[in-house]
There are 2 protein chains.
Amino acid sequence: MPRLARKPSVAVRAAPLRPPAQSAENFRRSRRDRAVETAQDYVEAIADLTGALGEARVVDLARRLGVTHVTVNRTVARLQRAGYVNTQPYQAIFLSAAGRKLAEECKRRHETVVAFLRSLGISEKVAELDAEGIEHHVSPETLAAFERLLKKP
Amino acid sequence: MPRLARKPSVAVRAAPLRPPAQSAENFRRSRRDRAVETAQDYVEAIADLTGALGEARVVDLARRLGVTHVTVNRTVARLQRAGYVNTQPYQAIFLSAAGRKLAEECKRRHETVVAFLRSLGISEKVAELDAEGIEHHVSPETLAAFERLLKKP
DNA sequence: ATAAATATGTAGCCTTAGATACAATTGAAT
DNA sequence: ATTCAATTGTATCTAAGGCTACATATTTAT
């Protein structure tokens, strides 16, 4: 069985390749973002439900997030361990101070992203859809740029 | 222990709340995106490494993606089952036709997102960083808007 | 007051995605 | 030809985040 050399003496194509360190850092941040996305989605949903209904119940969260109540239950328990929410068995779920703060930030960012996409001519529906995924990866610098452009069209 | 009514007869605040169906759909898509992000990141990295070095080895992928070789190994096996790559034990990893196609799309989208962010005045570094997370959530409609605005400044 | 419906909780299973520790293979140098 | 370092593979652990099935509370309706 013929074997390929570890590194061909002559590179097939001389494409410039950024040093892996930077690249790896970007992927790591992207993964880290992913890990906090859930928390953000939940606190945002809890804030909305609390605003609209006076409290956030497990079933309502499940419906809203499109998962079963079991998933909500387990995640809420984790969020409580992390200090974002307060709840007791068979009771509604309320945000802690930290949770409210996080929810505020998320809501503002979400609305900015949606408004920015809308300003580019994206439809309401798609803007909401894309924002849901995009918002978690928008750095402060990029968010600031969005806000700046929304003010000066 | 006092108990809260399931639904307070009078809503504390009359905030309009989109029907959960749409919201749930958005979250579901966002989660589905997450599931294919990995595949996209890998085929993109494999394409880059193949271009630069002639082949993609496990260690290089690991360095580039910022994970251990074990994670790469397992993921590559999954990508092979999914038909995106071809490889054999102790050999380099090559893209299949489907993998090359996916890599092309990802690369184009990645570059568009970076260019668009750059055009907003975002720094090179942050543009790359944010794009890494954002690109996976940009719908065709939004991508088209980005391209349109890049042509007409 | 009791029964039914709804809501919540628990047990257990699957997949993805990270890790360490150790084993086996390969490529290169002596 | 043998050794040695690097690469790759395997076993096993952890945690998040889905799920179904079933058990327990709670709320509502009769």
Side-chain angles (χ1 to χ4, degrees), chain A residues 1-9 20 24-25 27-42 45 49 53 55-82 84-85 87-94 136, chain B residues 1-9 20 24 27-42 45-46 49 53 55-82 84-85 87-94 136:
Chain A
M1 206 189 290
R3 272 145 210 161
L4 292 168
R6 174 67 189 80
K7 296 215 178 184
S9 41
E25 243 336 288
F27 284 113
R28 281 209 202 87
R29 197 200 73 150
S30 190
R31 282 197 300 272
R32 208 176 328 121
D33 286 349
R34 235 172 282 179
V36 294
E37 276 180 42
T38 310
Q40 298 185 350
D41 288 344
Y42 272 71
L49 288 170
L53 305 175
E55 59 178 21
R57 309 290 318 204
V58 172
V59 272
D60 299 318
L61 277 172
R63 267 192 281 270
R64 203 186 156 78
L65 298 167
V67 296
T68 65
H69 78 277
V70 184
T71 302
V72 170
N73 219 316
R74 183 164 15 81
T75 306
V76 165
R78 189 164 58 80
L79 293 181
Q80 187 161 34
R81 285 198 301 275
Y84 288 120
V85 307
T87 184
Q88 285 178 341
Y90 294 99
Q91 303 285 26
I93 299 135
F94 297 99
H136 302 292
Chain B
M1 205 189 291
R3 273 148 207 158
L4 292 167
R6 174 66 189 83
K7 295 217 175 180
S9 39
F27 284 113
R28 281 208 202 87
R29 197 200 72 149
S30 190
R31 283 196 301 272
R32 207 176 330 123
D33 286 349
R34 236 170 283 180
V36 296
E37 275 180 44
T38 310
Q40 299 185 349
D41 288 344
Y42 273 70
I46 292 167
L49 287 171
L53 306 175
E55 58 178 22
R57 308 291 317 204
V58 172
V59 271
D60 299 318
L61 277 171
R63 266 193 281 271
R64 199 185 159 81
L65 297 167
V67 297
T68 64
H69 79 277
V70 185
T71 301
V72 170
N73 219 315
R74 183 163 16 81
T75 306
V76 165
R78 188 163 58 79
L79 292 182
Q80 186 162 34
R81 286 197 300 274
Y84 288 119
V85 307
T87 184
Q88 284 177 341
Y90 295 99
Q91 302 286 24
I93 299 135
F94 297 99
H136 301 291

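Each chain gets a letter, A, B and so on, in the order the sequences are listed, and its residues count up from 1.
You'll find that the side chain of A:Tyr90 is closest to D:dT24, out of D:dT24, D:dT7, C:dG18. Distance from the side chain of B:Arg63 is smallest to D:dT7 among C:dG18, D:dT7, C:dT8. Listed candidates were C:dT8, C:dG18, D:dG9. Nearest to the side chain of B:Val58 is D:dG9. Counting only heavy atoms from C-beta on, A:Thr71 has its side chain closest to D:dC19 among D:dT8, D:dC19, C:dA17.
The distance between atom CG of A:Leu49 and atom P of C:dA7, rounded to the nearest whole Å, is 13 Å. Here C:dG27 presents its C1' atom at 12 Å from CD of B:Glu55, a figure rounded to the nearest Å. At whole-Å resolution of the value, CG in B:Asp60 and P in D:dT8 are 7 Å apart. Atom CD of B:Gln91 and atom P of C:dT26 are 8 Å apart (whole Å). Look at CG on B:Leu65: it is 12 Å from C1' on C:dA17, rounded to the nearest Å. Protein atom CD of B:Gln88 is 12 Å distant from nucleotide atom P of C:dT26, rounded to whole Å. Distance, A:Asp33 CG to D:dA16 P: 17 Å, rounded to whole Å. Counting to the nearest Å, the P atom of D:dA16 and the CG atom of A:Asp41 are 16 Å from each other.
Listed by chain and residue number, A:Asp33, B:Asp130 satisfy the salt bridge (Lys or Arg N to Asp or Glu O under 4.0 Å) test with A:Arg29 (two or more places apart in sequence, or in another chain). Residues forming a side chain to side chain contact (heavy atoms under 4.5 Å, CB included) with A:Ser30 (at least two apart in sequence, or on another chain): A:Arg34, A:His137, B:Glu132. B:Val58 pairs by the side chain to side chain contact (heavy atoms under 4.5 Å, CB included) definition with B:His69, B:Val72, B:Ile93, not counting sequence neighbours. The salt bridge (Lys or Arg N to Asp or Glu O under 4.0 Å) check on A:Arg28 picks up A:Glu25, with sequence neighbours excluded. By the side-chain hydrogen bond (donor to acceptor under 3.5 Å, both in side chains) test, B:Asn73 pairs with no residue at all, sequence neighbours left out.
Nearest-nucleotide assignment on DNA chain C puts the 5′-proximal partner with A:Ala56, out of A:Ala56 and B:Val70. Residue order along DNA chain D, read from the 5' end via each residue's closest nucleotide, puts A:Thr68 first among A:Thr68 and A:Pro89.
Between B:Ala56 and B:Ile46, the shortest heavy-atom contact is CB-CG2, 3.9 Å. Looking at every heavy atom in both residues, A:Leu65 comes nearest to B:Phe27 through O-CB, 3.5 Å.
Between B:Thr38 and the phosphate of C:dA17, there is a side-chain N or O to OP1/OP2 separation shorter than 4.0 Å. Residue A:Arg31 places no side-chain N or O under 4.0 Å from the OP1 or OP2 atom of C:dA17.
Residues of residues 73-81 of chain B that place a heavy atom closer than 4.0 Å to DNA chain D, in numerical order, are B:Asn73.
With centroids closer than 5.5 Å and planes inclined by less than 30 degrees as the test, B:His69 and the base of D:dT7 fail to qualify as a stacked pair.
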